[in-house]
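Note sheet for the following structure.
Every chain is numbered from 1, with letters handed out A, B, ... down the list of sequences.
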2 protein chains.
Amino acid sequence: MSEQEKQTKEQLILTAAEQEFLTKGYDGARTTSIAKAAGVTHAMLHYYFRTKEQLFERIVDDKFRLMAQSILAAFGNPNQSIVERIRGGIGLHFDYIADNPQLPRFVINEIIARPERYDILYSRMRGIVDSIYANLQRDIDLAAERGEMVQIDARMLFISIMSLNIFTFVAYPFMEPIMGELMADRNAFLQARRAENINTIMCRIKAK
Amino acid sequence: MSEQEKQTKEQLILTAAEQEFLTKGYDGARTTSIAKAAGVTHAMLHYYFRTKEQLFERIVDDKFRLMAQSILAAFGNPNQSIVERIRGGIGLHFDYIADNPQLPRFVINEIIARPERYDILYSRMRGIVDSIYANLQRDIDLAAERGEMVQIDARMLFISIMSLNIFTFVAYPFMEPIMGELMADRNAFLQARRAENINTIMCRIKAK
DNA sequence: CTTTGCATTAACAAAATTGTTAAACACGAT
DNA sequence: ATCGTGTTTAACAATTTTGTTAATGCAAAG
C-alpha cells in the first residue's frame, strides 16, 4: 500500500498546489497553505518536492502544455471547408477554455513575471504556430480567391478569436458584478457568449 | 526647499511603486525593491507611507479610477449617429489602453486576488455602466428599427469591444515571441490591430 | 524477528521581508 | 544662536515563509 499511499499524498499536494498557484500565482501562493489544503504537514510537501520552485514547475509544465494543446486542437482540424473549420475551431477553443477558465490568466501572468524562463517553450510553440499559420493562410487565400470569404491575415484573425474567447473568462470576475442579469446565470451567459464570438468572427470573414 | 524635496521623494517612491506593483502585483512587489528603484532608503518608504499596504492603496485607487474613466470616456460620447459613436468609441478605448497597457491586467488580477475589497467601487461603477448601457441600448434599438444596424445586446457588444481591445495588450508579451514579423514593429502592429478591431465590430453591427 | 527503505512528524534553522526606533541632520522662524 | 519641525540614516526587531533534520513509524523482504 505504500506505493498507493505515496501516489495519493503526492497527488493531494499537486492538486492543492495547482489550485493555489492558479488562483494566487507563484508569489501569492504559500507552501504552508498548500500543505494545509492537501491535508499534509508542510514538511511532507518539502519531502516530496524539495522546494516551492520545483513544485511550481511541475504545475507550470502541465499547464503550458495544456494551453498550447488548446490552441492546436482547435484549429489543426480535418478537411472541412476553411470557413467551417474556423467556425468549428472557435467553438472548440471556447469550450477548451471553459474547462480551464483560470488557465489563460495564469499563463500570461507567469510569462510576464519571468519571461527568461520560457525561452525553450517558445521555440517549440513557435514551430507549431508557424505551421498552423502557413496552412491556414494558404487555405484562406484560396477560399478568398474563390469568393467564399474575405482576404485576411490568418494571425490577425487568430488574435481576434483568442481575444474574444479568452477575455470572457479572464475578465469574468471583473464584469460579473457590473453586468447585472446578463451574467446572473453563468451557463446561459457562456452559451450566449460562445454564439456571439462565433457570430462576430463569421461576420468578419463572410464574403461581402 | 524642504517642501519641494518632500514632494519629490514622495513622488519618486510613488512612481517606483506604481511600476513595481503594476508589473509584479502586490505579492510579487518588494518594498525594498521599490525603495531601491526610487533611490531612497527603505526606511524612507515606511516613513512616508507607513506600510506596503497603504502605499499599494494609493496606487490602486488611482489606477481603478483611470480604468473606469477609460471605459466611460470612450462611450459616453456626443451626438453623432450611433454607428459612428461606436466606431469612435472603439478607437478611443483602444488609444486609452495603449497609453496604459499594464492597467487591465493589474485591475483584473487585483479584483481576483481580493474581491471583497472592491464592493464599494462596484456600486459606483454599476451605476455608471447601467446608465451608459441603457442609453446605448435605446439608441441601438432605434437605429436597428431604421435599418442602420443590426439588433444587438449593448452589453454583449461592449464585451466584444473590450475583449478585442484589452486582450491585445494583456497578451502582448505572450504573443510577441510566437508571432514573428507580424508583431516585430510594435507601433505598426498596434495600428493594424486598432483598425482590425474597429473593422471586426463594424462588420458585426452593419445592417445586412 | 530483524533489517531495510521509504513515509511521517515535530521541532528547529535560515532567509527574506516588513516594520520600528533613536539619533543625526537640515533649515527656517523666533 | 537656538529652537522646533519635519527629514534622513543606520541599525535593529518582528514576523513570515521557506527549507532542514533527527527521531520515529511502519510495512514488506529476507
Side-chain angles (χ1 to χ4, degrees), chain A residues 1-61 63 106 109-110 112-114 116-117, chain B residues 1-61 63 106 109-110 112-114 116-117:
Chain A
M1 196 172 66
S2 119
E3 185 64 14
Q4 289 289 328
E5 273 300 312
K6 183 192 160 187
Q7 286 293 340
T8 343
K9 291 248 168 171
E10 211 177 316
Q11 203 54 47
L12 281 172
I13 295 171
L14 276 172
T15 309
E18 179 178 320
Q19 181 56 24
E20 177 103 355
F21 282 132
L22 277 174
T23 54
K24 305 189 187 170
Y26 181 84
D27 293 316
R30 295 287 107 101
T31 55
T32 49
S33 160
I34 292 171
K36 200 170 166 188
V40 305
T41 64
H42 94 275
M44 206 71 275
L45 182 147
H46 286 289
Y47 173 71
Y48 281 114
F49 299 97
R50 197 75 182 169
T51 66
K52 179 182 180 182
E53 193 73 21
Q54 278 181 48
L55 176 54
F56 182 67
E57 265 164 30
R58 274 282 280 277
I59 307 289
V60 153
D61 275 7
K63 293 303 155 190
F106 175 73
N109 281 335
E110 253 322 290
I112 288 170
R114 328 190 178 185
E116 336 77 57
R117 209 175 181 172
Chain B
M1 196 170 68
S2 119
E3 185 65 15
Q4 288 290 327
E5 274 299 313
K6 183 193 160 185
Q7 287 293 338
T8 341
K9 291 249 169 171
E10 211 176 317
Q11 204 54 47
L12 281 173
I13 296 171
L14 276 172
T15 308
E18 179 178 319
Q19 182 55 23
E20 177 103 355
F21 281 131
L22 278 174
T23 54
K24 304 189 186 170
Y26 181 83
D27 293 316
R30 295 287 106 102
T31 55
T32 49
S33 160
I34 292 171
K36 199 171 168 191
V40 304
T41 64
H42 93 277
M44 208 68 276
L45 182 147
H46 287 290
Y47 172 72
Y48 281 115
F49 299 97
R50 198 75 185 166
T51 66
K52 179 182 180 181
E53 193 73 21
Q54 278 180 47
L55 176 54
F56 183 67
E57 265 164 29
R58 274 284 281 276
I59 307 289
V60 154
D61 276 6
K63 293 303 156 189
F106 175 74
N109 280 335
E110 251 323 290
I112 288 171
R114 330 190 178 184
E116 336 76 57
R117 209 174 180 171

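- Atoms CD (B:Glu53) and C1' (C:dT18) sit 12 Å apart, rounded to a whole Å.
- For B:Arg50, the CZ atom counts as loosely surrounded, since its 6.0 Å shell holds 12 or fewer non-hydrogen atoms of other residues, nucleotides or ligands.
- Using cut-offs of 30° and 60° for the angle between ring planes, the B:Tyr26 and B:Phe21 rings count as parallel.
- A:Thr31 comes within 4.0 angstrom of sugar-phosphate atoms only, judged by non-hydrogen atoms across all strands, and of no base.
- Taking only side-chain atoms of B:Lys52, from C-beta outward, the nucleotide of D:dT18, C:dT18, D:dT9 with the closest atom is C:dT18.
- Here A:Thr41 reaches the OP1 or OP2 of C:dT9: one of its side-chain N or O atoms lies under 4.0 Å away.
- In this structure, CG in B:Leu55 is found 10.0 Å from CD in B:Glu10, a value given to the nearest 0.5 Å.
- We find that NZ of B:Lys36 is positioned 14 Å from P of C:dT18, with the value rounded to whole Å.
- The OH-P distance, from B:Tyr47 to C:dA23, rounds to 17 Å in whole Å.
- One N or O on the side chain of A:Glu20 and one on the backbone of A:Arg30 form a donor-acceptor pair closer than 3.5 Å.
- Across D:dG19, D:dT9, C:dT9, the shortest atom-to-atom separation from the side chain of A:His46 is found for D:dG19.
- Each of C:dT8, D:dT18, D:dT8 was ranked by its minimum atom distance to the side chain of A:Tyr48; first place goes to C:dT8.
- Rounded to whole Å, the distance from CG on A:Leu55 to P on D:dT17 is 17 Å.
- Between the CZ atom of A:Phe49 and the P atom of C:dT8 there is a distance of 12 Å, rounded to whole Å.
- At the heavy-atom level, A:Ala35 lies nowhere under 4.0 Å from the strands shown.
- In the set D:dT18, D:dT7, C:dA10, D:dT7 carries the atom at the smallest distance from any side-chain atom of B:Met44.
- With contacts defined as side-chain heavy-atom distances shorter than 4.5 Å, the pair A:Val60/A:Arg117 does not qualify.
- Atom P of nucleotide D:dT17 and atom NE2 of A:His42 are separated by 11 Å, given to the nearest angstrom.
- A straight line from CG of B:Leu45 to P of C:dT17 spans 14 Å, rounded to a whole angstrom.
- What separates CD of A:Gln54 from P of D:dT18 is a distance of 15 Å, to the nearest Å.
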